[in-house]
Amino acid sequence: MAGAGLSLAYFANGLPWLYVSYGVFFGLGSAIASIPAQASVVEYFDKRRSFAIGCVLTGTGFGVFAWPIIYELILEEFTYKETFLLSGAITLNVLVAASLFRNFRKREPLAKPAVVTSNDNSGTMVHNTEVQKNKVFIINKAVLKDPCIMFYCGALLFISISYQCLFLLLPSRSQEIDDKDFKAATLVSLIGVVEVASRILSSVIWDIPSMKSIYKRLCGITLYMFVIGLMLFLIPLMKTNMQLMIVCVITGAFSGGLVTVSFIILIDLSGVDMYKDALAVRLVFAGIASFVGPPIAASLLDLTGTTAASFYFLSGCSVLSILLVSLLSYLLWTRERRLLPHSVSTVMLVMKDSLEDHDVHLSYF
């Protein structure tokens, strides 16, 4: 679907067709393709699950580094329509990797036949097969009803706006500095290079036994969000492309860690069994961020004539994501406080019944 969307964009003569081909087909296809890729890795790996996820996400970081440079070279030789067609052909090669995906867990059938035996008027045994139909939902309702998962996806929505719009605004910010010898795509590629290393390093850190607590991981993602928001606030203050490159290196280091730990925390909240459903919800929120964020950032750029207001807006989105993660931590803490006394009282009652069965009486009870 993603490859077809890019290929169909070759025939676009205006924005409406691009909305359908690139926006709908490519956007939906790329989102759907990421779910089985990550879910298969999560189901297969247990001990080194964080590192496995980091390896999967490294491919995305490498793409952020490579594609801006590749597209600049392609556009020097071909038109933008031909570039869409070439991109579609390259994307279709993902089918080779997708053919290797396997399900590692057996799933129960959705419908079970029930055989009912009865006698007709002639005395012959008649077997009627009735199919019990189970209602099948695209996403597990338990995920949608879990406030922790929904709070977390909300936090990722705001940080996704900051992360996605950053790549759209960086070339414009570089042009504002007016350095003709500097290629704006270098900034985007620099973030991609640093992200590749950061994602691997971050995945190794979160596999350490002492770092597997969800509260420590939430502290980690809060730190990543804070630094990214700070860098977004500082970008309009940079006066040279060299200063922008330094900010991009720091941003890439922390955004790479944020992307990795964001999926790890999602597994902690949903569990392996419901990870596919939680990942689907997360991608829906990411799609909303892609739909809402760029128009707002572009509108601010058109209204003010500079990228400063847009970057300050992105920094504010980072602050909102930090607030939601803080609320999530509090929600998890209160949930544990409610469950702990209940669990202790249940154990005490079981112990009491067991002792009374053996005619043992303690004044403690």
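Bear in mind that the values here come from a model prediction, so they are computed numbers and not experimental data. Along the sequence shown, residues carry numbers from 1. What you see below is based on every heavy atom in this structure, not just the backbone, and it leaves out hydrogens, waters and symmetry mates.
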Report the C-alpha separation of L166 and I228 in whole Å, then their side-chain angles, then the decisive distance to 0.1 Å, and conclude whether the side chain to side chain contact (heavy atoms under 4.5 Å, CB included) test is met. CA-CA 10 Å; L166 168 65; I228 291 173; over 6 Å; no

Calculate, to the nearest 0.5 Å, the distance between atoms CE and CG belonging to M274 and L279 respectively. 13.5 Å

Would you say V259 and Y224 make side-chain contact, with heavy atoms under 4.5 Å? no

Heavy-atom distance under 4.5 Å between the side chains of Y275 and F263, does that happen here? yes

Is Y330 atom OH crowded by more than 12 heavy atoms from other residues, nucleotides or ligands, each under 6.0 Å away? no

Treating Ile, Leu, Val, Met, Phe, Trp and Tyr as nodes and any side-chain heavy-atom pair under 4.5 angstrom as an edge, say whether F11 and L86 lie in one connected cluster. no

Would the number of heavy atoms belonging to other residues, nucleotides or ligands and lying under 6.0 Å from OH of Y22 be above 12? no

With side chain to side chain contact (heavy atoms under 4.5 Å, CB included) as the test, would you mind laying out the steps for V193 and V196 before giving the verdict? CA-CA 5 Å; V193 171; V196 170; over 6 Å; no

Shortest non-hydrogen pair, M238 vs I177, comes out as O-CD1, 4.4 Å

Member of T83, T79, L85 meeting the side-chain contact (heavy atoms from CB on, under 4.5 Å) criterion with Y10: L85

Full working for side chain to side chain contact (heavy atoms under 4.5 Å, CB included) between L234 and M231: CA-CA 5 Å; L234 293 177; M231 294 300 107; 3.8 Å; yes

For the CG atom of L266 and the SG atom of C148, what is their distance to the nearest 0.5 Å? 12.0 Å

Just by distance, no angles: are the side chains of T307 and S172 close enough, under 3.5 Å, to form a donor-acceptor pair? no

Is there a path from L331 to W333 through hydrophobic residues (I, L, V, M, F, W, Y) whose side chains come within less than 4.5 Å of each other? yes

More than 12 heavy atoms of other residues, nucleotides or ligands under 6.0 Å from CZ of F285: is that the case? yes

Between the main-chain N or O of G257 and the side-chain N or O of S198, is there a donor-acceptor pair closer than 3.5 Å? yes

Quick check: is V143 connected to I214 through a chain of hydrophobic side chains (ILVMFWY, heavy atoms under 4.5 Å apart)? yes

Nearest-0.5 Å distance that lies between atom CG in L230 and atom CD1 in I250: 8.5 Å

Please confirm whether the backbone N or O of G252 pairs with a side-chain atom of S255, one donor and one acceptor, at under 3.5 Å? yes

Is there a side-chain contact between V281 and D277 in this structure, where contact means two heavy atoms from C-beta onward sitting under 4.5 Å apart? no

Check this for me: M211, atom CE, are more than 12 non-hydrogen atoms of other residues, nucleotides or ligands nearer than 6.0 Å? yes

Evaluation steps, ring pair (Phe, Tyr, Trp, His ring centres under 6.0 Å), between F233 and F311: CA-CA 6 Å; F233 184 83; F311 277 112; over 10 Å; no

Treating S318 as the side-chain partner and I159 as the backbone partner, does any N or O pair qualify as donor plus acceptor under 3.5 Å? no

Between CD1 of I265 and NZ of K216, what distance do you get to the nearest 0.5 Å? 14.0 Å

Which atom names give the shortest non-hydrogen contact between E195 and Y163, and what distance separates them? OE2-OH, 2.8 Å

Are W17 and L6 in one and the same hydrophobic cluster, where Ile, Leu, Val, Met, Phe, Trp and Tyr link if side-chain heavy atoms are under 4.5 Å apart? no

Step-by-step side chain to side chain contact (heavy atoms under 4.5 Å, CB included) determination, M225 to F158: CA-CA 10 Å; M225 291 175 175; F158 287 105; over 6 Å; no

Looking at every heavy atom in both L92 and G3, which two are closest together, and how far apart are they? CD2-CA, 3.9 Å

Considering only heavy atoms from C-beta outward, does the side chain of I221 approach that of Y152 to under 4.5 Å? yes

Exam field: side chain D302 to backbone S299, donor-acceptor pair closer than 3.5 Å: no

Strictly distance-based, threshold 3.5 Å: is any side-chain N or O of R217 a donor or acceptor partner for the main-chain N or O of V261? no

Any sub-3.5 Å donor-acceptor pair from S162's side-chain atoms to L314's backbone N or O? yes

More than 12 heavy atoms from other groups under 6.0 Å of CZ on F313: yes

What I'd like to find out is whether the side chain of L156 reaches to under 4.5 Å of the side chain of S321, using heavy atoms alone. no

Output for pair (L301 CG, I296 CD1), nearest 0.5 Å, gives 13.5 Å

Tell me whether the count of non-hydrogen atoms from other residues, nucleotides or ligands lying under 6.0 Å of OH in Y19 goes above 12. no

Taking all non-hydrogen atoms of both residues into account, name the closest pair between G88 and S7 and its distance. CA-OG, 3.6 Å

Is there a side-chain contact between V292 and L157 in this structure, where contact means two heavy atoms from C-beta onward sitting under 4.5 Å apart? no

Could you tell me if the side chain of R282 sits less than 4.5 Å from the side chain of S270, heavy atoms only? no

Scanning both residues in full, the closest heavy-atom pair of L300 with A309 reads CD1-O, 3.9 Å

Could you tell me whether the side chain of L8 reaches within less than 4.5 Å of the side chain of V20, counting heavy atoms only? no

Is I200 reachable from V194 through a run of hydrophobic residues whose side-chain heavy atoms are each under 4.5 Å from the next? no

OG of S87 to CD1 of I70, rounded to nearest 0.5 Å, is 9.5 Å

Nearest heavy atoms of L169 and A297, plus distance in Å: CD1-CB, 4.3 Å

Just by distance, do the side chain of D207 and the backbone of F51 share a donor-acceptor pair under 3.5 Å? yes

